[in-house]
Enquirer: 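Below is the structure I would like to discuss, written out as structure tokens.
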Protein chains: 2
Amino acid sequence: MANDDSRPLTLRDVSEASGVSEMTVSRVLRNRGDVSDATREKVLEAARRLGYVPNKIAGALASQRVNLVAVIIPSLSNMVFPEVLTGINQVLEGTDLQAVVGVTDYTPEKEERVLYEMLSWRPSGVIIAGLEHTDSSRAMMQAAGIPVVEIMDVDGTPVDCMVGISHRRAGREMAKAILKAGYKRIGFMGTKMPLDHRARKRFEGFTEALAKGGVEVADQEFYSGGSALVKGREMTHAMLERTPDLDFLYYSNDMIGAGGLLYLLEKGVDIPGEIGLAGFNGVDLLDGLPKQLATMDACRLDVGKTAAQIIATRVADGDAAEYESHVELTPTIAFGDTLKRK
Amino acid sequence: MANDDSRPLTLRDVSEASGVSEMTVSRVLRNRGDVSDATREKVLEAARRLGYVPNKIAGALASQRVNLVAVIIPSLSNMVFPEVLTGINQVLEGTDLQAVVGVTDYTPEKEERVLYEMLSWRPSGVIIAGLEHTDSSRAMMQAAGIPVVEIMDVDGTPVDCMVGISHRRAGREMAKAILKAGYKRIGFMGTKMPLDHRARKRFEGFTEALAKGGVEVADQEFYSGGSALVKGREMTHAMLERTPDLDFLYYSNDMIGAGGLLYLLEKGVDIPGEIGLAGFNGVDLLDGLPKQLATMDACRLDVGKTAAQIIATRVADGDAAEYESHVELTPTIAFGDTLKRK
DNA sequence: CTGAAAGCGCTAACAA
DNA sequence: TTGTTAGCGCTTTCAG
């Protein structure tokens with residue numbers, strides 16, 4: 001099965017084994033051009049028998065084409081991003097494109113390194129989370145001459161295309177719903193991540209809309225590290241000790257919201273009567289909680305699918321491609337059981 | 001900044017811009033061989049100014065070296081796998097190796113396709129979940145002539161190396177702890193996945209050890225799809241309706257265990273007095289629950305680190321490398337608040 | 001329908 | 001310390 005020495009097999013080996021020229025072997029293996037059934041069979045048989053695996057490195061260099069799409073995201077442990085990936089993969093599976101993932105840990109420097117590394121493989125496109133990048137990163141994407149889709153945010157100016165929701169607007173909408181329900185003393189909890197621009201924008205939209213209603217955030221707290229569920233419990237406890245008259249808690253993500261919810265339910269607090277709660281993201285997990293946490297869907301699957309669709313279209317149709325290059329998806333509020341419906 | 005036409009920049013462009021030969025430019029950019037500080041500066045300046053990004057495709061073809069490690073896992077949404085990845089990345093960051101992830105969705109056919117695809121990029125090593133693969137997949141890994149580490153399971157025979165825990169033993173240990181605590185009427189809940197060999201092995205070890213203690217699983221149920229937390233609630237409810245005298249529930253993963261726990265707490269069931277509970281994996285999430293679910297850690301971070309270490313060592317030291325090629329990690333039971341400590 | 005020749009952009013090996 | 005030469009394994013192009 002394997003060849004005598006340990007040198008990987010080449011097209012030439014298949015050519016010799018089948019008595020067909022390298023060129024024709026190549027054609028058979030790629031289903032390109034017309035090849036007679038007889039030779040095709042000979043080639044396929046030989047390739048199978050030898051256990052030939054083509055060398056894409058050489059193929060890519062020769063054809064100047066690489067069927068990879070670089071996907072650059074901040075983290076894999078956030079639930080949110082694997083879901084975007086799922087959307088991307090769903091669409092790419094229908095093409096011959098292949099996603100390759102890079103993780104930035106929410107730092108612009110690592111993002112730059114990862115981007116450089118990935119671009120050096122000459123991918124067919126880039127899908128990257130967020131609109132904030134170093135100048136150098138932006139320059140690289142511009143110079144790469146390939147489609148670039150910035151995802152998950154539309155509050156800013158993209159290098160090329162963008163697909164996502166407006167986090168500012170999401171924050172505003174939630175604030176409006178809260179005010180409308182009659183809550184007045186509002187606490188906020190989130191991650192201590194100056195580099196999580198989307199969370200920041202949500203918070204800005206939130207405070208802005210509250211202000212319009214004459215309300216200010218009465219208390220706020222930020223955490224970093226550790227189990228989000230635990231942090232949600234702890235912060236909720238601490239905040240209510242400090243500011244007992246709060247009647248609403250807005251969490252910057254569902255996990256800490258869930259922690260807060262579990263904590264308050266144990267304490268026997270009346271929700272949403274005495275205190276209302278809301279999170280952000282619409283994670284699956286919430287469905288299994290004793291009460292459904294109010295939240296707002298970030299359209300993660302859709303974002304992934306739309307972004308991949310743009311890349312696929314551009315790769316297939318070239319510059320003549322027709323598509324929306326700026327797509328704003330609109331999330332809807334899920335009131336659940338923790339936010340009065342007014 | 002960008003070049004005139006839209007052709008990507010080459011070494012030659014940098015060479016011309018700096019007045020240094022291509023070869024020396026290459027040396028500077030790779031920090032290889034001795035280059036005078038003066039020329040080094042000239043080259044780096046030119047490369048930066050032009051915005052040159054090397055072409056790894058060409059580099060890999062010429063050097064016959066690719067600094068990629070193929071990592072093949074069943075899923076990204078299982079929490080477990082991103083954690084293994086974290087371990088892998090932690091170790092690889094200290095080398096010039098780079099992980100590339102492929103997802104199989106728990107099917108051997110897709111695993112085979114993904115493996116083929118990845119091997120065609122001629123990676124320096126493979127890390128792949130599980131010991132069960134198609135003959136063809138096994139043959140490919142054998143023929144690739146690169147280090148292969150099969151992870152997360154040691155109950156079987158690897159192609160090359162393996163790192164993980166024995167799921168059979170994990171099942172047995174949990175059964176023993178349960179029997180020792182005095183529980184007798186035991187229910188089991190898990191995923192309906194004939195292809196999740198590790199869950200299967202755990203179950204086998206579990207029933208085997210129970211049998212040794214003269215106990216049989218009194219009821220069992222399997223689910224597929226949907227939110228695990230919700231499924232945990234639903235199955236727990238259904239099972240206790242059907243078999244009300246159960247005094248212990250063993251869940252094949254922590255998420256459904258958490259769902260069951262939340263459900264039973266709402267019902268006011270005394271845990272672990274009236275009913276004991278245990279899950280599997282030791283996920284972070286559990287820390288935030290009202291009671292700590294008993295579980296068993298699968299050593300995910302360690303598995304990733306050890307596997308990556310093996311690859312890194314083999315790549316660096318070649319066949320002369322010294323390392324354990326079969327590593328069995330031993331998980332410990334966390335009794336939490338849901339399993340009597342005897 | 002099949003084959004021969006000429007690179008793709010880079011690096012190993014050697015020469016200067 | 002620097003430069004020259006000859007490919008890496010495949011595909012493009014063009015000729016049969």
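Just so we're on the same page: letters track the sequence lines, and every chain starts at 1.
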Enquirer: Against I146(A), only a single residue in I311(A), L119(A), V315(A), D160(A) fulfils side-chain contact (heavy atoms from CB on, under 4.5 Å); can you say which?
Expert: L119(A)

Enquirer: Please determine whether a side-chain nitrogen of the Lys or Arg among R27(B) and D34(B) lies less than 4.0 Å from a carboxylate oxygen of the Asp or Glu.
Expert: no

Enquirer: Which is the 5'-most and which the 3'-most nucleotide of DNA chain D that has an atom under 4.0 Å from a heavy atom of chain B?
Expert: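 With heavy atoms of chain B under 4.0 Å away, the range is dT1(D) to dG9(D).
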
Enquirer: Would you indicate whether E16(B), at its atom CD, is surrounded by more than 12 heavy atoms from other residues, nucleotides or ligands within a distance under 6.0 Å?
Expert: yes

Enquirer: What parts of residues 24-34 of chain B reach DNA chain C, counting only heavy atoms under 4.0 Å away?
Expert: S26(B), R30(B)

Enquirer: Mind calculating the distance between CG (N55(B)) and P (dC10(C)) to the nearest angstrom?
Expert: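 Atom CG in N55(B) sits about 5 Å away from atom P in dC10(C).
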
Enquirer: Considering heavy-atom distances to DNA chain D, does T39(B) or K56(A) have its closest nucleotide positioned more toward the 5' end?
Expert: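 Residue closer to the 5' terminus by nearest nucleotide: T39(B).
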
Enquirer: With a 4.0 Å cut-off on N to O distance, would you call R138(B) and E112(B) a salt bridge?
Expert: no

Enquirer: Tell me: CH2 of W121(A) to P of dC10(C), nearest whole Å?
Expert: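 To the nearest whole Å, that distance equals 13 Å.
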
Enquirer: I'd like to know if D153(A) pairs up with R198(A) as an ion pair, taking the criterion as any Lys NZ or Arg NE/NH1/NH2 lying under 4.0 Å from an Asp or Glu carboxylate oxygen.
Expert: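 Between R198(A) and D153(A) there is no salt bridge, as every charged N stays at least 4.0 Å from the carboxylate O atoms.
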
Enquirer: Let me know the distance between CG of D13(B) and C1' of dC8(C), rounded to the nearest Å.
Expert: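 That distance rounds to 14 Å.
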
Enquirer: Charged N to carboxylate O under 4.0 angstrom, E45(B) versus R49(B)?
Expert: yes

Enquirer: How many Å lie between NZ on K42(A) and C1' on dT2(C), as a whole number?
Expert: 11 Å

Enquirer: Under 4.0 Å between a side-chain N/O of S63(B) and OP1 or OP2 of dT11(C), yes or no?
Expert: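 Looking at the OP1 and OP2 atoms of dT11(C), neither is under 4.0 Å from any side-chain N or O of S63(B).
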
Enquirer: Look at all strands and tell whether R65(B) reaches a base, only sugar-phosphate, or nothing, counting heavy atoms closer than 4.0 Å.
Expert: sugar-phosphate

Enquirer: I'd like to know whether CZ of R30(B) has more than 12 heavy-atom contacts from other residues, nucleotides or ligands below 6.0 angstrom.
Expert: yes

Enquirer: Assign each of M23(A) and A62(B) to its nearest nucleotide of DNA chain D by heavy atoms, then name whichever residue's nucleotide is nearer the 5' end.
Expert: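 Checking each residue's closest nucleotide, the 5'-ward one belongs to A62(B).
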
Enquirer: Send over the distance from L11(B) CG to dC8(C) P, rounded to a whole Å.
Expert: 13 Å

Enquirer: Looking at every non-hydrogen atom in both residues, tell me the closest pair between P158(B) and E150(B) and how far apart they are.
Expert: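 P158(B) and E150(B) have their closest heavy atoms at CA-OE2, 3.1 Å.
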
Enquirer: Any donor and acceptor pair, going by atom type alone, linking the side chain of S137(A) with main-chain N or O of H133(A) inside 3.5 Å?
Expert: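 Flag not set: sc S137(A) to bb H133(A) has no pair under 3.5 Å.
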
